[in-house]
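First comes the structure, then the notes that go with it.
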Amino acid sequence: MLNAGIDDQLAIANRKLIGLDIDGTLVDHFGHMSPAVREAGQALVAAGHEVVVATGRSLGATLPIVELLGIDHGYVVSCNGGVTARIDAGSNGGYEVIDRRIFDPAPALKALRHRLPGAKYALEDAEGNFLSTERFQDASFGVEATGVTFEDLLEASAVRLVVFSTDSTAEEFGRAVESIGLHGVTYSVGWTAWLDIAAKGVTKASGLERIRELVGIDRPHTVAVGDGRNDIEMLQWAGRGIAMGQAPDEVKAAANEVTSTVEDDGVVRVMRSLL
């Protein structure tokens, strides 16, 4: 019994909070998770680590990944920190939203329309519905967006605002967004001409920090893996931040180390190092 108690104490002492991005980290650019990633993720969960999927996707598009990793109890950060949920596979619906950060998208929308007149817009409202202009749909929404006018978007509250331009390269788009000088929001520009906006101060890192406090894991025992510009704060927050091999230079600069690319299952190397 004494040895069992010591073993339990060691397990608790070695338990880590591990934040994992989805697209470009857990799944490739076609949305496919390899068997090696799935098996390594399930092994982390079985080992007792607090494995948290932290993504820009909305909750509905995140839950299938949570299920693939075998997380039946725990937490998830979606909408770049805009929505945090508790996972409980035995409860009604399998999850409970414990934090939803809402903001007024109107000032950002007005500024963006002036600078990017050809862009498409979509937002997730406080009830988890998606509203969009220009028949704008994306798998990361998790639900089919309802078509609305731009003026309708100005009247809505949002947990996530998405802007997509088919008229610009990612570089041109990024420069245009920077020139606007958005205030009162947190934003990141993606691989394509894609912009994600959340409430001020809301990032994957802020969502993970709340979970860290809830589960009582010390900051040095936190790990994060990601590949996008919306992962920078998360990688800087973690005790051990790892960028994927295909990540932009500024993402790699925010990390403590760099693993191989998503095509080479770079996250598996990280996962195995934690077992």
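Quick caveat, the model's predicted, so the values are computed rather than measured.
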(message) Quick check on the 6.0 Å ring-centre criterion: do Y121 and F150 meet it?
(response) yes

(message) Would you compute the distance between atom CD of E155 and atom CG of D125 and round it to the nearest 0.5 angstrom?
(response) 13.5 Å

(message) I'd like to know if the side chain of Q42 reaches the main chain of V37, judged simply by a donor and an acceptor atom lying under 3.5 Å from each other, with no hydrogens or angles considered.
(response) no

(message) Can you tell me how far apart CG (L153) and CG (L123) are? Round to the nearest 0.5 Å.
(response) 5.0 Å

(message) Could you check whether E178 pairs with R175 (Lys NZ or Arg NE/NH1/NH2 to Asp/Glu carboxylate O, under 4.0 Å)?
(response) no

(message) Donor-acceptor pair, distance only, cut-off 3.5 Å: does the side chain of D231 make one with the backbone of G228?
(response) yes

(request) Work out which heavy atom in L235 is nearest to a heavy atom in G226; give both atom names and the distance. (result) CD2-N, 3.9 Å

(request) Answer yes if V223 and V76 sit in the same cluster of Ile, Leu, Val, Met, Phe, Trp and Tyr residues linked by side chain heavy atoms under 4.5 Å apart, and no otherwise. (result) yes

(message) Just by distance, no angles: are the side chains of E124 and N129 close enough, under 3.5 Å, to form a donor-acceptor pair?
(response) no

(request) Could you check if a side-chain atom of N80 sits within less than 4.5 angstrom of a side-chain atom of V202, using non-hydrogen atoms only? (result) no

(request) Measure the shortest side-chain to side-chain distance between Y75 and I87 over non-hydrogen atoms and say whether it is less than 4.5 angstrom. (result) no

(message) Has K252 got a side-chain atom pairing as donor or acceptor with G245's backbone, closer than 3.5 angstrom?
(response) yes

(message) Assess the residue pair I242 and V258 against the criterion (side-chain contact (heavy atoms from CB on, under 4.5 Å)); give the C-alpha distance rounded to whole Å, side-chain angles, the decisive distance to 0.1 Å, and a yes or no.
(response) CA-CA 5 Å; I242 303 107; V258 179; 6.0 Å; no

(request) Using the rule that two of Ile, Leu, Val, Met, Phe, Trp, Tyr join whenever any of their side-chain heavy atoms come within less than 4.5 Å, decide whether M244 and I65 are in one cluster. (result) yes

(request) List the steps, then state whether side-chain contact (heavy atoms from CB on, under 4.5 Å) holds for R240 with S273. (result) CA-CA 12 Å; R240 180 186 175 197; S273 74; 3.0 Å; yes

(request) Supply the atom-to-atom distance E67 CD to D72 CG, rounded to the nearest 0.5 angstrom. (result) 10.0 Å

(request) May I ask you to check whether over 12 heavy atoms, not counting those of Y95, lie within 6.0 Å of atom OH? (result) no

(request) Taking atom types as modelled, find out whether N230 and D196 have a side-chain donor-acceptor pair closer than 3.5 angstrom. (result) no

(message) Looking at every non-hydrogen atom in both residues, tell me the closest pair between V77 and G207 and how far apart they are.
(response) CG2-C, 3.8 Å

(request) Might you point out which heavy atoms bring D265 and S260 nearest each other, and give the distance in Å? (result) C-OG, 4.4 Å

(message) Under a 3.5 Å distance rule, please check whether D28 uses its side chain to pair with a backbone N or O of G31 as donor and acceptor.
(response) yes

(request) Tell me whether V83 is reachable from L161 by hopping between hydrophobic residues (I, L, V, M, F, W, Y) whose side-chain heavy atoms are closer than 4.5 Å. (result) no

(message) Treating N256 as the side-chain partner and G241 as the backbone partner, does any N or O pair qualify as donor plus acceptor under 3.5 Å?
(response) yes

(message) Determine whether a donor-acceptor pair (N or O, by modelled atom type, separation under 3.5 Å) exists between the side chain of H73 and the backbone of I71.
(response) no

(request) Take V262 and L26 through the side-chain contact (heavy atoms from CB on, under 4.5 Å) test and state the conclusion after the steps. (result) CA-CA 7 Å; V262 66; L26 290 172; over 6 Å; no

(message) I'd like to know if the side chain of S157 reaches the main chain of F103, judged simply by a donor and an acceptor atom lying under 3.5 Å from each other, with no hydrogens or angles considered.
(response) no

(message) Counting only heavy atoms from other residues, nucleotides and ligands, does the tally under 6.0 Å from CD of E213 exceed 12?
(response) yes

(message) Could you measure the distance from the CZ atom of R100 to the CD1 atom of I98? Nearest 0.5 Å is fine.
(response) 11.5 Å

(message) Tell me the closest heavy-atom pair linking V163 and A119, and the distance in Å.
(response) CG1-CB, 3.8 Å

(request) Report the residues that fulfil salt bridge (Lys or Arg N to Asp or Glu O under 4.0 Å) with R269, sequence neighbours left out, ordered by chain and then residue number. (result) none

(request) Indicate yes or no: at least one non-hydrogen side-chain atom of H32 is less than 4.5 angstrom from one of V27. (result) no

(message) Taking the side chain as everything from C-beta on, heavy atoms only, tell me whether R219 gets closer than 4.5 Å to W237.
(response) yes

Return all side-chain donor-acceptor pairs below 3.5 angstrom for residues 104-118, not counting sequence neighbours, or 'none' if the list is empty.
residue	atom	partner	partner atom	Å
D104	OD1	A106	N	3.0
R113	NH1	E151	OE2	3.4
R115	NE	S179	OG	3.2

(message) Please tell me whether F136 and V189 are part of a single hydrophobic cluster in this structure, the criterion being side-chain heavy atoms less than 4.5 Å apart.
(response) no

(message) Assess, by modelled atom type and distance only, whether the side chains of R101 and T186 contain a donor and an acceptor separated by less than 3.5 Å.
(response) no

(message) With no hydrogens and no angle check, just 3.5 Å: does a side-chain donor-acceptor pair link T84 and R210?
(response) no

(message) Quick check for you: to the nearest 0.5 Å, what is the distance between L69 atom CG and M271 atom CE?
(response) 6.0 Å

(request) With side chain to side chain donor-acceptor pair (under 3.5 Å) as the test, would you mind laying out the steps for S58 and R160 before giving the verdict? (result) CA-CA 8 Å; S58 294; R160 177 188 179 199; 3.1 Å; yes

(request) For the residue pair D21 and T25, confirm or rule out a side-chain donor-acceptor distance under 3.5 Å. (result) yes

(request) May I ask you to decide if the ring planes of F141 and F130 are parallel, tilted or perpendicular, using 30° and 60° as cut-offs? (result) parallel

(request) Mark yes or no for whether D138, through its side chain, and S140, through its backbone, hold a donor-acceptor pair below 3.5 Å. (result) yes

(request) Dump the intermediate steps for side-chain contact (heavy atoms from CB on, under 4.5 Å) on H29 and D23, then the final yes or no. (result) CA-CA 7 Å; H29 300 296; D23 297 286; over 6 Å; no

(request) Measure from the side-chain N and O atoms of Q137 to the backbone N and O of A145, and report whether any donor-acceptor pair falls under 3.5 Å. (result) yes

(request) State yes or no: do I18 and V270 share one hydrophobic cluster built from I, L, V, M, F, W and Y residues joined by side-chain heavy-atom distances below 4.5 Å, directly or via other members? (result) yes

(message) Within this structure, what is the OG1-CD distance for the pair T203 and E233, rounded to the nearest 0.5 Å?
(response) 5.0 Å

Enumerate, atom names and distances included, each donor-acceptor pair closer than 3.5 Å involving a side-chain atom of residues 44-55, sequence neighbours excluded.
residue	atom	partner	partner atom	Å
H49	ND1	K16	N	3.0
H49	NE2	L274	O	3.1
E50	OE1	R15	NH2	2.4
T55	OG1	R57	N	2.9

(message) Main chain of D152, side chain of T149: is a donor-acceptor contact present, judged purely on distance under 3.5 Å?
(response) yes

